[in-house]
**Student:** 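Here it is, the structure in full.
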Amino acid sequence: MTDFAKARLLALVVSAALLAGAFGSQYFGGLFPCELCWWQRYGHLAAVACALIALLLHRQPSLSRLLVWLALLGIVASGVIGVYHAGVEAKIFEGFTQCTAKPVIGSAEEMLNDILSRPAIRCDEVKWSFLGISMA
């Protein structure tokens, strides 16, 4: 097996395994994803798609190589989002999505509307961690 064939397979296996863990924790563990969790998954979904197509097009090395690089880009993008997400959870960064926005202060009706319009899953709270490392 060539190094490039290993890279194609590695791009597929890494992203597929991380997605399996994420979806498994959601559907079997009850840990529902926040908005940033979904953003992380998108990079891995793109990487799996690119790696699968690269495997199918193994007889066209230039196109297959491009797809592996795109898969790597998806993995790296997901990793960058994951670092940012962990920073939001640790209160190092302020989140810019709706799930971390500051609450509205005003009349009771305005506050109730604000609460009802927010997602139930917050991005700035650690849902699960192992040895101090969160899922993000």
Side-chain angles (χ1 to χ4, degrees):
M1 182 181 278
T2 66
D3 287 341
F4 185 65
K6 290 177 187 174
R8 281 191 306 245
L9 193 56
L10 185 64
L12 176 64
V13 170
V14 166
S15 285
L18 289 169
L19 282 172
F23 283 110
S25 66
Q26 177 182 347
Y27 291 108
F28 301 116
L31 297 172
F32 295 101
C34 68
E35 185 176 359
L36 288 174
C37 294
W38 276 108
W39 290 6
Q40 287 176 258
R41 291 179 188 194
Y42 296 147
H44 288 296
L45 288 167
V48 165
C50 288
L52 278 173
I53 296 169
L55 283 170
L56 293 173
L57 299 176
H58 68 278
R59 296 190 194 275
Q60 297 177 359
S62 60
L63 185 55
S64 184
R65 188 174 314 266
L66 173 65
L67 288 165
V68 170
W69 281 108
L70 288 174
L72 177 64
L73 182 64
I75 293 168
V76 168
S78 180
V80 169
I81 294 167
V83 168
Y84 174 73
H85 191 183
V88 169
E89 288 178 344
K91 311 293 189 260
I92 296 170
F93 310 121
E94 186 173 326
F96 60 87
T97 64
Q98 183 183 13
C99 62
T100 60
K102 302 281 187 225
V104 169
I105 308 265
S107 70
E109 185 178 348
E110 289 173 329
M111 289 189 292
L112 179 62
N113 289 335
D114 181 54
I115 290 169
L116 294 175
S117 69
R118 290 180 183 274
I121 310 298
R122 301 210 24 103
C123 296
D124 58 354
E125 296 174 356
V126 177
K127 283 108 186 126
W128 183 86
S129 68
F130 179 71
L131 299 176
I133 300 171
S134 77
M135 222 124 143

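Predicted model, so just to flag it, every value in this text is computed and none were measured. The first residue in the sequence is number 1, and the count goes up from there.
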**Student:** Roughly how far, to the nearest 0.5 Å, is NE2 of His58 from CG of Leu9?
**Tutor:** 13.0 Å

**Student:** Apart from Leu18 itself, what residues make up its hydrophobic cluster, given side-chain heavy atom links below 4.5 Å?
**Tutor:** Leu10, Val14

**Student:** Would you give the length of the straight line joining atom CG of Leu12 to atom CG of Leu52, rounded to the nearest 0.5 angstrom?
**Tutor:** 5.0 Å

**Student:** Quick check for you: to the nearest 0.5 Å, what is the distance between Leu73 atom CG and Leu66 atom CG?
**Tutor:** 10.5 Å

**Student:** Would Tyr42 and Leu36 show up in the same hydrophobic cluster when neighbours are defined by side-chain heavy atoms closer than 4.5 Å?
**Tutor:** yes

**Student:** Drop me the distance from Ser62's OG to Leu67's CG, to the nearest 0.5 angstrom.
**Tutor:** 9.5 Å

**Student:** Can you measure from CG (Leu57) to CZ (Arg65) and round to the nearest 0.5 angstrom?
**Tutor:** 13.5 Å

**Student:** Are any side-chain N or O atoms of Ser25 and backbone N or O atoms of Ala22, one a donor and one an acceptor, separated by less than 3.5 Å?
**Tutor:** yes

**Student:** Are Trp38 and Tyr27 grouped together when hydrophobic residues (ILVMFWY) are joined by side-chain heavy atoms under 4.5 angstrom apart?
**Tutor:** yes

**Student:** Restricting to side chain to side chain donor-acceptor pair (under 3.5 Å), what partner residues turn up for Gln26, sequence neighbours left out?
**Tutor:** Arg41

**Student:** Looking only at heavy atoms, what is the nearest atom pair of Ser15 and Ile75, with distance?
**Tutor:** OG-CG1, 3.2 Å

**Student:** To the nearest 0.5 Å, tell me how far Ile53 CD1 sits from Ser64 OG.
**Tutor:** 10.5 Å

**Student:** Please find the pair of heavy atoms, one from Gly43 and one from Ser78, that lie closest to each other, and give the distance.
**Tutor:** CA-CB, 4.4 Å

**Student:** Apart from Trp69 itself, what residues make up its hydrophobic cluster, given side-chain heavy atom links below 4.5 Å?
**Tutor:** Leu72, Val76, Val80

**Student:** Spell out, yes or no, whether Ile81 and Phe23 are grouped together once hydrophobic residues are joined by side-chain heavy atoms under 4.5 Å, including indirect joins.
**Tutor:** yes

**Student:** If hydrophobic clusters are built by linking Ile, Leu, Val, Met, Phe, Trp and Tyr wherever their side-chain heavy atoms come under 4.5 Å apart, do Leu63 and Leu56 end up in the same one?
**Tutor:** no

